[in-house]
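Remarks on the structure that follows.
Just so we're on the same page: letters track the sequence lines, and every chain starts at 1. Side-chain atoms are counted along with the backbone in the values below, which use heavy atoms only and exclude waters and symmetry mates.
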Amino acid sequence: MPRVRFAPSPTGFLHIGSARTYIFNWLYARHNGGTMILRIDDTDVGRNTDASLTSIFEGLRWLGLGWDEEYKQSDRLALHRSVAQAIFEKDLAYRDFTAAQSGDSEKSGAQGTWLFNAGMRQLSREQSDRRAAAGEPFALRFRVPHDRIGHVQFSDAVYGDQAKAYADIEDFALLRSDGMPTYHLANCADDADLRITHIIRGQEHLSNAFKHKLIFDAVGAESPTFAHLPLLMAPDGMKLSKRVHGPVVSVTTYRDAGFLPQAFINFLCLLGWSPKNDREKLSRQETVDLFTLEGINRANAVVNFTEEDPFDAKALWLNAEHIRSLPPNELARELLPFAPADLETLRKIAPLIQERIKLLRDVRSVADFFFAGQLPPYDSAELIPKKGDAAMAKTVLLKAREVLATADFSHDGLDAALRAASVSLGIKAGQMFEPVRVAVCGRKTAPPLFGTMEVLGRDTCVTRIAQAIEKL
RNA sequence: GGCGCUAUCGUCUAAUGGUUAGGACAGAGCCCUCUCAAGGCUUAAAUACGGGUUCGACUCCCGUUAGCGCUACCA
């Protein structure tokens, strides 16, 4: 039984890259009948915030992909320290009394990789114990066997065989001088303890995986299978980041704009993974059925957003697709938080706007005239039909008012009545409908006229037409 | 700088070494039509570059270039 985990650190809002990582883990678990674990990696006390914790839970709850077990790393410090101690006892780690580097260091300009701080590796145990006992602060570093010829190696489920020479891996820290575990240690200690079988995470960790392999080996734990995911990039070519790209990459931005969770999930899945059969629009169950690690590709994927347009066109299209395939009553329910109307009204409106909105929030602009008691002001020139003039508009509206007073107010009844009216006026049907549409909706582009009028009802329609006549 | 990873239309992607390099979104055009959509049809658009290997390379190998990641007592 596979056991997978999503391990966010609560240092910022949940962004779409993290959401995708969660989704892939969840999909893998569900496809294989495994266990999905949520673990909050909160060992960086200084950067943790409650707001981001809230954001993570809110985002995940919205996705609606539940997890089976939940942990918090800060509850597990004793485990981390005991693992560190065990590694130290085996002499696979040593105390480093060098003060922490401050700021961005010079080493990026150096000739090679920094491997360790001089003098600390070969400190005798006695010396080390003495200085520690004297209260001198130290970091605990992993003793990478630099002198050994050979490589750390593992096979990544996505990127294939990986190898890195011992000589190229620096003595990374396990424990900070304040005694807190580093990411590497806490991460591996927990993964081993929770018996994680597959680590599915962003490719930024591919290089870290060598260190992790070293830790797993040091504690005698079987190394989980690694599956690294290609990164999500911004159109500017940079890795997606909360810091530089802001709320456009926040999950809640998508939620608040009116994405359906499944559409959002669908979009994210297609970034870096393909079902290989040209399928694009997928239901949750289809995605679970189709998902495999083999379908994941290796190249980074760009999320095409801009400042003016925060959403990738494909995401929008997928959302529209999912909206269109919803039963109207369900769409009405989804619309409820976005529209100033009750469910009953929305049920009537939903079929009219279903194929006209890309985001749930579009209901406010597309169906505004259903909600407003009084139409917002519009230019009376709008009432003039194609190849017509103000006089024609007036004639049309007068006739419409007359006909509508008694017409059967159903789609077909209205269709018949208004077409008949256009015939009796000797004008084209379109010239008849246009002024009526503007009078009733307040603008030229709107959902189909008869269905709209049916929902609006006789009183509202007749009143609005009368008001339009006033304007002419 | 070192190490690692990657490279197919603008974007997401497909292609047991043999296809006219396919699909989708976005773009353009046409049709349908009471407007707007939706739908249908058409169109434009790609294998980063250079070498190999092979009868044959998007596919395998090498190099170049470019991008990304890691190189912290962040994760």
Just checking [X]: base, sugar-phosphate only, or nothing, at a heavy-atom cut-off of under 4.0 Å?
{"X": "A:Lys444", "result": "base"}
{"X": "A:Leu449", "result": "base"}
{"X": "A:Pro447", "result": "base"}
{"X": "A:Gly272", "result": "sugar-phosphate"}
{"X": "A:Pro448", "result": "base"}
{"X": "A:His228", "result": "nothing"}
{"X": "A:Ala429", "result": "nothing"}
{"X": "A:Glu382", "result": "nothing"}
{"X": "A:Asn297", "result": "sugar-phosphate"}
{"X": "A:Asn208", "result": "base"}
{"X": "A:Met233", "result": "sugar-phosphate"}
{"X": "A:Thr11", "result": "nothing"}
{"X": "A:Arg443", "result": "nothing"}
{"X": "A:Ala320", "result": "nothing"}

From [atom1] of [X] over to [atom2] of [N], roughly how many Å is that when rounded to an integer?
{"X": "A:Leu115", "N": "B:U71", "atom1": "CG", "atom2": "P", "answer": "14 Å"}
{"X": "A:Lys211", "N": "B:C73", "atom1": "NZ", "atom2": "C1'", "answer": "13 Å"}
{"X": "A:Asp278", "N": "B:G23", "atom1": "CG", "atom2": "P", "answer": "8 Å"}
{"X": "A:Leu185", "N": "B:C74", "atom1": "CG", "atom2": "P", "answer": "13 Å"}
{"X": "A:Phe210", "N": "B:G2", "atom1": "CZ", "atom2": "C1'", "answer": "14 Å"}
{"X": "A:Asn277", "N": "B:C12", "atom1": "CG", "atom2": "P", "answer": "19 Å"}
{"X": "A:Tyr159", "N": "B:C5", "atom1": "OH", "atom2": "P", "answer": "10 Å"}
{"X": "A:Phe172", "N": "B:G2", "atom1": "CZ", "atom2": "P", "answer": "23 Å"}

Taking the [atom1] atom in each of [N] and [M], what is the distance between them to the nearest angstrom?
{"N": "B:U64", "M": "B:G4", "atom1": "P", "value": "13 Å"}
{"N": "B:U13", "M": "B:C30", "atom1": "C1'", "value": "28 Å"}
{"N": "B:U47", "M": "B:U42", "atom1": "C1'", "value": "25 Å"}
{"N": "B:A21", "M": "B:C9", "atom1": "C1'", "value": "11 Å"}
{"N": "B:U59", "M": "B:U54", "atom1": "C1'", "value": "13 Å"}
{"N": "B:C58", "M": "B:G17", "atom1": "P", "value": "13 Å"}
{"N": "B:G23", "M": "B:G50", "atom1": "P", "value": "27 Å"}

Verify the contact: side-chain N or O of [X] to OP1 or OP2 of [N], cut-off strictly under 4.0 Å; return yes or no.
{"X": "A:Asn117", "N": "B:C73", "value": "no"}
{"X": "A:Arg47", "N": "B:A75", "value": "no"}
{"X": "A:Gln162", "N": "B:C5", "value": "yes"}
{"X": "A:Asn304", "N": "B:G10", "value": "no"}
{"X": "A:Thr182", "N": "B:C74", "value": "no"}

(request) Report yes or no: is the cationic atom of A:Arg76 (NZ for Lys, CZ for Arg) closer than 6.0 Å to the six-membered ring centre of A:Tyr71, at no more than 45° off its axis? (result)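 Verdict for A:Tyr71: a cation-pi partner in A:Arg76.
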(request) Determine, for A:Tyr378 and A:Lys471, whether the Lys NZ or Arg CZ falls below 6.0 Å from the six-membered ring centre while staying within 45 degrees of the axis. (result)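 The answer is yes, since A:Lys471 meets both limits relative to A:Tyr378.
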[X] (side chain) and [N] (base): donor-acceptor pair under 3.5 Å:
{"X": "A:Arg298", "N": "B:C5", "result": "no"}
{"X": "A:Ser177", "N": "B:C73", "result": "yes"}
{"X": "A:Asn300", "N": "B:G69", "result": "no"}
{"X": "A:Lys314", "N": "B:A24", "result": "yes"}

(message) Quick check for you: among B:G2, B:U13, B:G22, whose closest atom lies nearest to any side-chain atom of A:Asp168?
(response)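 Ranking B:G2, B:U13, B:G22 by closest atom to the A:Asp168 side chain puts B:G2 first.
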(request) Compute the centroid of each ring, for A:Phe311 and then for A:Phe264, and state whether the two points are separated by less than 6.0 Å. (result)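 Not under 6.0 Å, so no.
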(message) Working note: A:Glu321 + A:Arg324, criterion salt bridge (charged side-chain N to carboxylate O under 4.0 Å, His left out); need CA distance, chi angles, decisive distance, verdict.
(response) CA-CA 5 Å; A:Glu321 284 283 304; A:Arg324 282 195 285 274; 2.8 Å; yes
Give none if [N] has no partner; otherwise give the nucleotide forming a Watson-Crick or G-U wobble pair with it, both distances under 3.5 Å.
{"N": "B:A44", "answer": "none"}
{"N": "B:U16", "answer": "none"}
{"N": "B:C74", "answer": "none"}

(message) Do A:Phe433 and A:Leu418 have side chains that approach each other closer than 4.5 Å (heavy atoms only, starting at C-beta)?
(response)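 Contact flag for A:Phe433/A:Leu418 side chains = yes.
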(request) State, yes or no, whether a side-chain contact exists between A:Ser9 and A:Asp44 at a heavy-atom distance under 4.5 Å. (result)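 They are not in side-chain contact.
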